[in-house]
Amino acid sequence: MRYIIVGTGAVGGAIGGRLAEAGHEVVLVARGTQYAALRDGGLSLTTPEGTRTHRLPVVDGPAGLRLESHDVLVLAVKTQDATDALDAWSAAPVEGGGTAGERLPLICAQNGVESERLALRRFRRVYGCCVYLPASFVEPGRVVAAGAPLTGILHLGRYPSGTDDTVRAVAADWEKARLEAPVVPDVMRWKYAKLLSNLANAIEAATGVLDSPEGRALFGRARAEGRAVLRAAGIEATGSEEQEAARGGRIRFDPFDGSERRGGSSWQSLTRGTGTIEADYLNGEIALLGRLHGVPTPVNDVLRRTANTFARERRPAGSMTVAELTALADAES
């Protein structure tokens, strides 16, 4: 199989680089300065083993690539960018006839739970991927993946449920690339559990790395709202014991170069000054479910709005205090 990484940021770069190291054929897809950096200088992937530069084929869209029947698309853009990417790639022709949406498998390697629904409108064969992979991308062309001894643990399964030979073959490839890839029939349970943990992203984006009791308390309030709306909606998320059994002791997140820990994906979006952030599909997903099922979500409402304001105004990541953000949440409650 050839892997087309649609969105070569932190997650896409780590997956693509590791697959290339394991001998798999990989094509990177990027835009703007990231496309130029990858085209001109290659993908620099730093892991605990060191830094390697991967000179891989790079395109900025489907027009630059001839798709083949053995291709697998890995969607790794942020959810706010998913619709444009899905529209472009689903309509791309595949050698032998038909389009990518009709013939090729697409794996949604993203936070949140919305991209699979967006993809299924355009692709017949959609797979969910619960991303548990510590990586950062704040400089064009350079991705740092700190996980050890595994780079990531990525639960895979068909969407909305089930497994098949394709996802098992993908998992076999990924597990040769320091990416543990359990195949599960209920991948969205894992993604909803990850959604609950990603409710901290907006706090971290606004106030910095989540390492204070006050910050953790605010996250606890956001997560309690999330659990309440999932119960009201009848949505099951993987529990903490099951997650620990699957991941415990298999991966460490400690920085390997002595540097301070950087923030997660939303913090990185602000640091790169992209002007967009994924809060509408993280805290906003909880707010949406709350409105659908009559459950108040004041903390997540505030976190969503605050993160969007930071992105829109290009405010520096971490430039608000936890006390200020908590006060906003208290006022909303």
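We count residues from 1, following the sequence as given.
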Hey, is [X] close enough to [Y] for a salt bridge, meaning N to O under 4.0 Å?
X      : Y      : value
Arg158 : Asp186 : no
Glu116 : Lys191 : yes
Arg291 : Asp301 : yes
Glu236 : Arg231 : no
Glu242 : Arg189 : yes

Does the [X] side chain pair with the main chain of [Y], one donor and one acceptor, at a distance under 3.5 Å?
X      : Y      : result
Glu225 : Asn300 : yes
Arg122 : Leu118 : yes
Glu204 : Asn201 : no
Gln34  : Gly141 : yes
Arg314 : Gly273 : yes
Arg124 : Gly101 : no
Arg18  : Lys176 : no
Asp87  : Ser90  : no
Glu214 : Val322 : no
Glu313 : Phe310 : no

- [ ] Cation-pi check, Arg142 to Phe137: give yes when NZ or CZ is under 6.0 Å from the six-membered ring centre and within 45° of the ring axis, no otherwise.
- [x] no
Open item on the list: Does the structure place the NZ or CZ of Arg223 under 6.0 Å from the centre of the six-membered ring of Phe219, at an angle of no more than 45° from the ring's axis?
Closed with: yes
- [ ] Sequence neighbours left out, what pairs pass salt bridge (charged side-chain N to carboxylate O under 4.0 Å, His left out) with at least one residue falling in residues 60-80?
- [x] Arg2-Asp71, Arg66-Glu95
Taking all atoms of both residues into account, what is the closest heavy-atom pair of [X] and [Y], and its distance?
X      : Y      : answer
Val11  : Ala109 : CG1-O, 4.0 Å
Asn111 : Ser265 : ND2-OG, 3.5 Å
Val29  : Val6   : CB-CA, 3.8 Å

Task: Non-neighbouring partners of Trp89 that pass ring-ring contact (aromatic ring centres under 6.0 Å, His included), sequence neighbours left out - done: none
Does any part of the side chain of [Y], heavy atoms only, come nearer than 4.5 Å to the side chain of [X], both counted from C-beta?
X      : Y      : value
Asn308 : Thr306 : no
Leu303 : Leu199 : no
Val229 : Ile235 : no

TODO: Specify whether His24 and Tyr3 have parallel, tilted or perpendicular ring planes, treating 30° as the upper limit for parallel and 60° as the lower limit for perpendicular.
DONE: perpendicular
- [ ] Please report the C-alpha distance between Gln80 and Thr276 in whole Å, then the side-chain angles of each, then the deciding distance to 0.1 Å, and finally whether the side chain to side chain donor-acceptor pair (under 3.5 Å) criterion is met.
- [x] CA-CA 8 Å; Gln80 66 267 26; Thr276 67; 3.2 Å; yes
Open item on the list: We want to know whether Gln110 and Ser115 form a side-chain donor-acceptor pair, criterion being a heavy-atom distance below 3.5 angstrom.
Closed with: yes
Open item on the list: We want to know whether Arg168 and Thr163 form a side-chain donor-acceptor pair, criterion being a heavy-atom distance below 3.5 angstrom.
Closed with: yes
TODO: Mind checking the OG1-CG spacing from Thr326 to Leu328? Nearest 0.5 Å is all I need.
DONE: 8.5 Å
